[in-house]
Amino acid sequence: MSYLEGHRQRLRNRFNVSVLGALEYHHAAQVVLANNCPGGVARPSEEDLSVTRALTAVFDALSVPVGDGLIGAGPRAFSINEAGLLRANAGATK
């Protein structure tokens, strides 16, 4: 196993123990994902959207809906849900 694969596995294990344990302990009805934008612009990057959608799929599989994904930058915030970008197929062209 490479260092990177080992690092990813450790992160998965930590996620499973801390996040999933907290959901169960607090009987969470939904989650809201949030992260800060160090660039100072409250707009999600492609990576923000990708990670948010991947986590949304994980929580959907656990029957815990994601209420929103928020991007904060100083006093401003961007709602991924309000922009219609929370689901993987959001914004797809036909």
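With L55 as reference, L33 is the one residue of L33, V66, V31 to meet the side chain to side chain contact (heavy atoms under 4.5 Å, CB included) rule.
Linking ILVMFWY side-chain heavy atoms closer than 4.5 Å, directly or via other members, places V58 and V51 in a single hydrophobic cluster.
With T52 contributing its side chain and D48 its backbone, the two residues share a donor-acceptor pair below 3.5 Å. Between the side chain of E82 and the main chain of S79, no donor-acceptor pair closer than 3.5 Å is present. Checking side-chain atoms of N81 against main-chain N and O of L86 turns up no donor-acceptor pair under 3.5 Å. A distance-only check finds no donor-acceptor pair linking the side chain of R76 to the backbone of R43 [under 3.5 Å].
The CG atom of L23 sits 7.5 Å away from the CG atom of L62 when rounded to the nearest 0.5 Å.
Checked against side chain to side chain contact (heavy atoms under 4.5 Å, CB included), N36 has no partners two or more places apart in sequence or in another chain.
The two residues A42 and F78 make their nearest non-hydrogen contact at O-CB, 3.0 Å.
Using a cut-off of 4.0 Å between Lys/Arg side-chain N and Asp/Glu carboxylate O, R87 and D60 are scored as salt-bridged.
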Give the intermediate values and the outcome of side-chain contact (heavy atoms from CB on, under 4.5 Å) for residues L70 and I80. CA-CA 6 Å; L70 302 174; I80 293 174; over 6 Å; no
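With a 6.0 Å radius and a threshold of 12 heavy atoms from other residues, nucleotides or ligands, E24 has its CD atom at or below the threshold.
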